[in-house]
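So the structure is just underneath, and the comments pick up after that.
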Amino acid sequence: MTGLSVALVLVVAAVGLLRWRRPAWYWLTFGVTLAVVRVLVRYGSVMDACGLTVPPARWRLALARAANRPVPEPRPPRILRLRPTRTGLVLRLKLRPGQDAFDVAAASDRLRHSFSMYGVTSRELRSGVVEVRMTGYDVLKRVRMPAETERRPMRVPVALREDGSVHYRDYRAIPHALTLGATESGKSVYQRNLVAGLAPMDVALVGIDCKQGVELFPLARRFSALADNPDDAAEVLDALVARMADVYRLIRDQQRITSDVPDAEIAADIWDLPEELRPTPVVVLVDEVAELALYASKEEEKRRDRIVTALVRLAQLGRAAGIYLEICGQRFGSELGKGITMLRAQLTGRTAHRVNDESSANMAFGDISPDAVLAAIQIPAEMRGLAVSGDSSGGWHRIRAPHTSLRQAVNICNRHADRTPDLPELAPFRPALLGSGSGSDVAPVPLVKASSATA
């Protein structure tokens, strides 16, 4: 008996240590089984306590009275499926008549306590069917992306959501996005994950980094154009506007709107064109948008108006031409001058890392969701990389990108440097590499723009 007690104590200690040091391993070994049993055993009473039950039907009450049987208990939503995942449980519920998906969402915090889970979120799949996702541990404390993610053209896995699912940046669904964050909030790491995810795809990357290129120029081998000052940024944006006009002319020529062509083949954007005629899509990354909007003289004001006008045009018209904007900054409000709020209105996707004041969070989510504003200002300083991401539909999630060092991002860009397209409009701004090396991971070399490189 003594040996059995000692073994039991050792097992309990090992389980406790595993839960503390490796919560993901604990969940996969012990936690998922305990959670399934806990949910199935407590389900009826928990739903009743959370107000998620409906009274029995009248015919059931009448039948019980006629048969002299006990009154039927209130009915909770019916479980359609209970599926364990690597981070938690997914519960699919069929709501009873009179219930609403909002009732489940409002009770999510009580469900979290009752089922002893770390987090609970819900969403309506279709009328009367709700998916409840439960996480068994803090998946954002130490981000581990799944080994396999769903990949499609222009769809990049960049972070992990608090419910354990993968957060994708889908440019075809959300063409333009705004990313805000204070210094040391993790905004640069998010941007590196984005570039690393786009590097293996058939896409042209255009960077505007007015911090003398310290963030984007190390990744230059995968960029078709780079600008490190506002003057060059204005030229690059004008070239993109000219490219957009050329692409629209191509689409117009290839629309095929004659009566003998089925409607499904009529082209309205680059993705409707035949693959051999389709122009290369372009993603424009602006590292610090405020540097493009500030001015101190009349000449700089003219340049600033030119830049903002070009950005607004690309945001309004660029989607069908395959030009997508990724705007980053610490603040993005009306104090940056005219045209800024017009530009922000075109940026459907919103991501906010830790911000220094509530007004910065309002810039991202004030016109979308007050709850997202509250979540953004509550991000602690020690949780670098934690962010709130939403879109104009009002939905939002807490996300965190896996830590990617600059060296890792550079290696990925170097490995896929052969996929960098040459765009004639942007040829003067193609980064020229001074020095040479062999292999996929060559040593870092100084980078200059082609327009200023010596022959």
Revision key, fill the gap. Shortest non-hydrogen pair, Ala293 vs Ile340, comes out as CB-CD1, 4.3 Å
**Study point:** Heavy-atom pair of closest approach, residues Thr404 and Arg192
**Key:** O-NH1, 3.0 Å
Check your understanding: Are Met363 and Val355 close enough, and set up right, to give a side-chain contact (heavy atoms from CB on, under 4.5 Å), and what steps lead you there?
Key -> CA-CA 11 Å; Met363 294 173 195; Val355 292; over 6 Å; no
**Study point:** Distance (rounded to the nearest 0.5 Å) between Ile412 CD1 and Leu198 CG
**Key:** 11.5 Å
Exercise for review: Answer yes or no: is there a side-chain heavy-atom contact under 4.5 Å between Val206 and Phe429?
Suggested key: no
Study note, to complete from the structure: Output for pair (Leu325 CG, Leu237 CG), nearest 0.5 Å, gives 8.5 Å
Review point. Going by heavy atoms in the side chains, are Tyr171 and Glu326 under 4.5 Å from each other?
Key: yes
Practice item. Considering only NZ, NE, NH1 and NH2 on the basic side and carboxylate oxygens on the acidic side, decide whether Glu235 and Arg303 come within less than 4.0 Å. Key: no
Practice item. State whether the number of non-hydrogen atoms from other residues, nucleotides or ligands found under 6.0 Å of Lys211 atom NZ is greater than 12. Key: yes
**Study point:** ring pair (Phe, Tyr, Trp, His ring centres under 6.0 Å) partners for Tyr190, two or more places apart
**Key:** His353
Review point. What distance do Asp238 atom CG and Arg313 atom CZ have between them, rounded to the nearest 0.5 Å?
Key: 8.5 Å
Review point. Could you give all pairs that pass the side chain to side chain donor-acceptor pair (under 3.5 Å) test and reach residues 244-254, with sequence neighbours left out?
Key: Asp246-Arg249
Review point. Can you tell me if Thr420 uses its side chain to pair, donor with acceptor, with the backbone of Arg221 under 3.5 Å?
Key: yes
Point to revise | Glu275 CD: over 12 foreign heavy atoms closer than 6.0 Å | key: no
Practice item. Nearest 0.5 Å please: distance from the CZ atom of Arg169 over to the CD1 atom of Ile174. Key: 6.5 Å
Exercise for review: Heavy atoms only: give me the nearest Gly366-Val373 pair and the separation to one decimal.
Suggested key: N-CG2, 3.8 Å
Point to revise | Sub-4.5 Å side-chain heavy-atom contact between Leu285 and Leu194 | key: yes
Review point. Mind checking whether Met342 and Gln316 have side chains closer than 4.5 Å, heavy atoms only?
Key: yes
Check your understanding: Are side-chain N/O atoms of Arg415 and Asn411 paired as donor and acceptor at under 3.5 Å?
Key -> no
Exercise for review: Could you pull out the closest heavy-atom pair between Leu277 and Leu250, with the gap in Å?
Suggested key: O-CD2, 3.5 Å
**Study point:** Spacing of Leu180 atom CG and Ile327 atom CD1 [to the nearest 0.5 Å]
**Key:** 11.0 Å
Point to revise | Under 3.5 Å donor-acceptor, Trp271 side chain and Gly322 backbone | key: no
Review point. Any donor and acceptor pair, going by atom type alone, linking the side chain of Thr135 with main-chain N or O of Gly119 inside 3.5 Å?
Key: yes
Point to revise | Pair Met244-Leu317, side-chain contact (heavy atoms from CB on, under 4.5 Å): steps then yes or no | key: CA-CA 8 Å; Met244 180 176 65; Leu317 307 174; 3.6 Å; yes
Study note, to complete from the structure: Output for pair (Leu386 CG, Ile379 CD1), nearest 0.5 Å, gives 5.0 Å
Exercise for review: Give a yes or no on whether the backbone of Phe217 and the side-chain of Asp209 come within a donor-acceptor separation of less than 3.5 Å.
Suggested key: no
Revision key, fill the gap. In short, Ala233 meets Ile208 closest at the heavy-atom pair CB-CG2, 3.7 Å
Review point. If only atom types and distance count, is the side chain of Arg38 paired as donor or acceptor with the main-chain N or O of Phe115 below 3.5 Å?
Key: yes
Check your understanding: Would a 4.5 Å heavy-atom cut-off, applied to side chains only, mark Asp269 and Asp272 as touching?
Key -> yes
Review point. Do Ser369 and Asp371 have side-chain atoms, one donor and one acceptor, less than 3.5 Å apart?
Key: no
Check your understanding: Quick check: does any side chain N or O of Arg384 sit under 3.5 Å from a backbone N or O of Gly186, one acting as donor and the other as acceptor?
Key -> no
Exercise for review: With side-chain contact (heavy atoms from CB on, under 4.5 Å) as the test, would you mind laying out the steps for Thr280 and Asp202 before giving the verdict?
Suggested key: CA-CA 7 Å; Thr280 303; Asp202 293 324; 5.8 Å; no
Review point. Less than 4.5 Å apart, any side-chain heavy atom of Arg400 and any of Met383?
Key: yes
Exercise for review: Start with the C-alpha distance between Phe332 and Gln330, add both sets of side-chain angles, then the distance that settles side-chain contact (heavy atoms from CB on, under 4.5 Å), and finish with yes or no.
Suggested key: CA-CA 7 Å; Phe332 193 81; Gln330 297 183 37; over 6 Å; no
Review point. Do Ser360 and Arg331 have side-chain N/O donor and acceptor atoms under 3.5 Å apart?
Key: yes
Practice item. State whether the side chain of His167 and the backbone N or O of Arg161 hold a donor-acceptor pair below 3.5 Å, judged by distance alone. Key: no
Exercise for review: State, with a plain yes or no, whether a side-chain heavy atom of Val282 is found less than 4.5 Å away from one of Leu423.
Suggested key: yes
**Study point:** Ile79 side chain near Leu93 side chain, heavy-atom distance below 4.5 Å
**Key:** yes
Exercise for review: Mind running salt bridge (charged side-chain N to carboxylate O under 4.0 Å, His left out) on Asp109 and Arg112 for me, showing each step along the way?
Suggested key: CA-CA 5 Å; Asp109 200 49; Arg112 176 174 67 90; 2.8 Å; yes
Point to revise | Over 12 non-hydrogen atoms of neighbours within 6.0 angstrom of CZ in Arg278 | key: yes
Check your understanding: Is a donor on one side and an acceptor on the other found under 3.5 Å between the side chain of Thr309 and the backbone of Arg306?
Key -> no
Check your understanding: Looking only at heavy atoms, what is the nearest atom pair of Phe365 and Ala372, with distance?
Key -> CG-CB, 3.7 Å
Review point. Are the side chain of Arg81 and the backbone of Arg92 linked by a donor-acceptor contact shorter than 3.5 Å?
Key: no
Review point. Just by modelled atom types, is the Glu150 backbone N or O under 3.5 Å from a matching donor or acceptor in the Tyr168 side chain?
Key: yes
